[in-house]
Amino acid sequence: MAVTLKDVATLAGVSVKTVSNVVNGYAFVKPENRRRVEEALAATGYRPNVGARNLRRGRTGFLALMVPELSIPYFGEMAGLVITAAQRRGWSVLIEQTQGTRDRERATVDSLGPHLVDGALVHPEALEAADFPDAEGKIPFVLLGEHAVDVALDRVAIDNVRAAHAAVSHLVSLGRRRIAAIGANPQRGTSSLRLAGYRAALADAGLPSADSLVEPVAKYHRAEGAAAMKRLLAQEDPPDAVFCFNDLLAVGALRSAAEHGLRVPGDIAIVGFDNTEESAFSLPALTTISPDKAAIAEAAIDLIHRRLAGTESAEPRSVQPPFSLEIRESTVGS
């Protein structure tokens with residue numbers, strides 16, 4: 001038979017209310033009573049009925065996280081951090097992978113409501129403003145990343161323009177003068193921002209921004225980065241540095257540079273973006289922009305919590321966590 005709060009209270013010699021307060025994390029419990037309750041909980045193996053508790057609160061106990069591709073390390077790492085941050089608030093996380101297509105993203109957003117989840121964290125690639133009205137207002141939504149969709153929702157994203165500017169300025173500071181970019185893609189929300197930061201850094205350094213040095217890609221995968229680097233190296237005047245819009249593209253670029261017999265960073269320097277775990281273990285280790293991914297996850301979960309608690313103003317908030325430049329062997333050597 002299942003252990004009840006009354007069973008725990010009898011063993012601990014306290015009231016059922018005191019046991020309930022300990023189980024629900026209330027601070028105002030006498031230390032001695034808390035100790036006795038915790039010992040009784042351990043001895044009886046009591047487990048709270050989370051489903052019943054959520055029903056009483058009018059909650060589901062779940063959040064949704066929508067990402068383009070879990071196979072891209074950034075999104076996989078972010079999903080893990082969101083799950084950890086959500087668990088601290090008592091939520092479980094349902095994850096939907098959309099492949100970054102508008103149809104899949106729109107279908108996912110349309111399916112989310114208070115019958116399924118308490119809130120949603122959405123990393124859109126192709127959504128437009130018209131795709132949100134049916135979902136807006138039903139549950140709290142937080143947009144992750146800087147996709148330029150004009151809706152009145154909370155957002156959490158680093159400053160991609162400044163981050164890209166920092167990456168390219170680092171290359172300039174090392175004396176690189178023919179700096180290419182890999183990752184242009186009008187379908188990706190952050191691509192235009194990182195491209196703007198790239199061009200601004202070149203302009204600030206008095207360097208030309210040639211279209212021939214900007215390589216477009218269909219996906220932010222290793223193979224795309226390798227193919228783009230091959231095209232750059234085939235030019236009559238190839239680059240001496242490359243800024244890649246994510247780490248996977250940079251790893252692919254490293255591979256092509258090695259196949260062409262080039263030394264990195266001696267012959268060509270390479271910078272990535274995202275500081276995924278792989279970037280620290282590539283050979284050479286990759287210099288990369290490092291978003292504070294834990295801060296992004298915490299801020300997004302906190303916004304959902306505040307919306308549900310009614311402690312946020314009606315106006316949408318934009319939270320901008322910090323980033324840093326992680327300098328490694330691919331630009332400065334070992």
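Values below: every heavy atom of this structure, side chains too, minus hydrogens, waters and symmetry copies. Given the structure is predicted, the values throughout are model-derived calculations rather than measurements. Index from 1, following the sequence.
At least one test fails for Arg162 against the ring of Phe323: distance under 6.0 Å to the centre or angle within 45° of the axis.
Take Ala180 and apply the side chain to side chain contact (heavy atoms under 4.5 Å, CB included) test, not counting sequence neighbours, and it matches Leu213, Leu232, Pro239, Val242. Applying the side chain to side chain contact (heavy atoms under 4.5 Å, CB included) test to Thr101 and every residue at least two apart in sequence or in another chain returns Gln99, Arg104. With sequence neighbours excluded, the residues forming a ring-ring contact (aromatic ring centres under 6.0 Å, His included) with Phe75 are His123, listed by chain and number.
Counting non-hydrogen atoms of other residues, nucleotides and ligands closer than 6.0 Å to CD of Glu277 gives a total of 12 or fewer. The environment of Arg255 atom CZ is sparse: at most 12 non-hydrogen atoms of other residues, nucleotides or ligands sit within 6.0 angstrom.
Using a cutoff of 4.0 Å between basic side-chain nitrogens and carboxylate oxygens, Asp240 and Arg176 are not scored as salt-bridged. Between Arg36 and Glu39 there is no salt bridge, since no side-chain N of the basic residue sits under 4.0 Å from a carboxylate O of the acidic one. We find that Asp110 and Arg106 are not joined by a salt bridge, their nearest charged nitrogen and carboxylate oxygen being 4.0 Å or further apart. Between Asp204 and Arg199, no side-chain nitrogen of the basic residue sits less than 4.0 Å from a carboxylate oxygen of the acidic one, so the salt-bridge criterion is not met. A salt bridge is absent between Lys293 and Asp274; no separation between the charged side-chain nitrogens and carboxylate oxygens falls under 4.0 Å.
Ile83 and Ile72 end up in the same hydrophobic cluster when Ile, Leu, Val, Met, Phe, Trp and Tyr side chains are linked at under 4.5 Å. Under the 4.5 Å side-chain heavy-atom criterion for grouping Ile, Leu, Val, Met, Phe, Trp and Tyr, Val264 is connected to Val271 within one hydrophobic cluster. The hydrophobic clustering, which links ILVMFWY residues whose side-chain heavy atoms are closer than 4.5 Å, places Val217 and Val251 apart. Residues Leu11 and Leu5 do not share a hydrophobic cluster, clusters being chains of Ile/Leu/Val/Met/Phe/Trp/Tyr side chains in contact below 4.5 Å. Under a hydrophobic clustering in which Ile, Leu, Val, Met, Phe, Trp and Tyr are joined whenever their side-chain heavy atoms come within less than 4.5 Å, directly or via other members, Val16 and Leu41 fall into the same cluster.
Panel note: side chain Ser173, backbone His170; a donor-acceptor pair is recorded below 3.5 Å. In this structure, Glu215 contributes its side chain and Ala181 its backbone to no donor-acceptor pair below 3.5 Å. Checked by atom type and distance alone, the side chain of Tyr220 pairs as donor or acceptor with a backbone atom of Gly183 at under 3.5 Å. The main-chain N or O of Asp237 is found under 3.5 Å from a side-chain atom of Arg178 such that the two form a donor-acceptor pair. No donor-acceptor pair closer than 3.5 Å links the side chain of Glu96 to the backbone N or O of Thr108. When atom types are taken as modelled, the side chain of Thr288 and the backbone of Phe273 share a donor-acceptor pair closer than 3.5 angstrom. Counting only distance, with no hydrogens or angles, the side chain of Arg177 and the backbone of Leu207 share no donor-acceptor pair below 3.5 Å. Ser191 places a side-chain N or O within donor-acceptor distance of the main-chain N or O of Asn185, the cut-off being under 3.5 Å. Under the 3.5 Å distance criterion, the side-chain polar atoms of Ser256 are matched with a main-chain donor or acceptor of Ala226. Side chain of Gln97 to backbone of Glu69: no donor-acceptor contact under 3.5 angstrom is found.
Distance check, rounded to the nearest 0.5 Å: CG of Leu94 to CG of Leu65 gives 9.5 Å. Ile270 CD1 to Leu254 CG: the interatomic distance, rounded to the nearest 0.5 Å, is 4.0 Å. Interatomic distance, Leu121 CG to Leu144 CG, rounded to the nearest 0.5 Å: 5.0 Å. Note that the SG atom of Cys244 and the CD1 atom of Ile182 stand 4.0 Å from one another [nearest 0.5 Å]. Atom CG of Leu63 and atom CD1 of Ile95 lie 11.0 Å apart (nearest 0.5 Å). Note: Ile158 CD1 to Ile289 CD1 = 7.0 Å, rounded to the nearest 0.5 Å.
Heavy-atom minimum distance, Ala241 versus Ile268: N-CG1, 3.8 Å. Between Val319 and Ala299, the closest heavy-atom pair is CG1-CB, 3.9 Å.
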Q | From CA spacing to verdict: salt bridge (charged side-chain N to carboxylate O under 4.0 Å, His left out), Arg102, Glu105 | A | CA-CA 5 Å; Arg102 186 182 179 191; Glu105 290 182 349; over 6 Å; no
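Side-chain contact of Asn246 with Arg194: a donor-acceptor pair under 3.5 Å is absent, judged by distance alone. No side-chain N or O of Thr18 forms a donor-acceptor pair with one of Asn33 less than 3.5 Å apart. In this model, no donor atom of one side chain and acceptor atom of the other lie less than 3.5 Å apart for Thr10 and Asp7.
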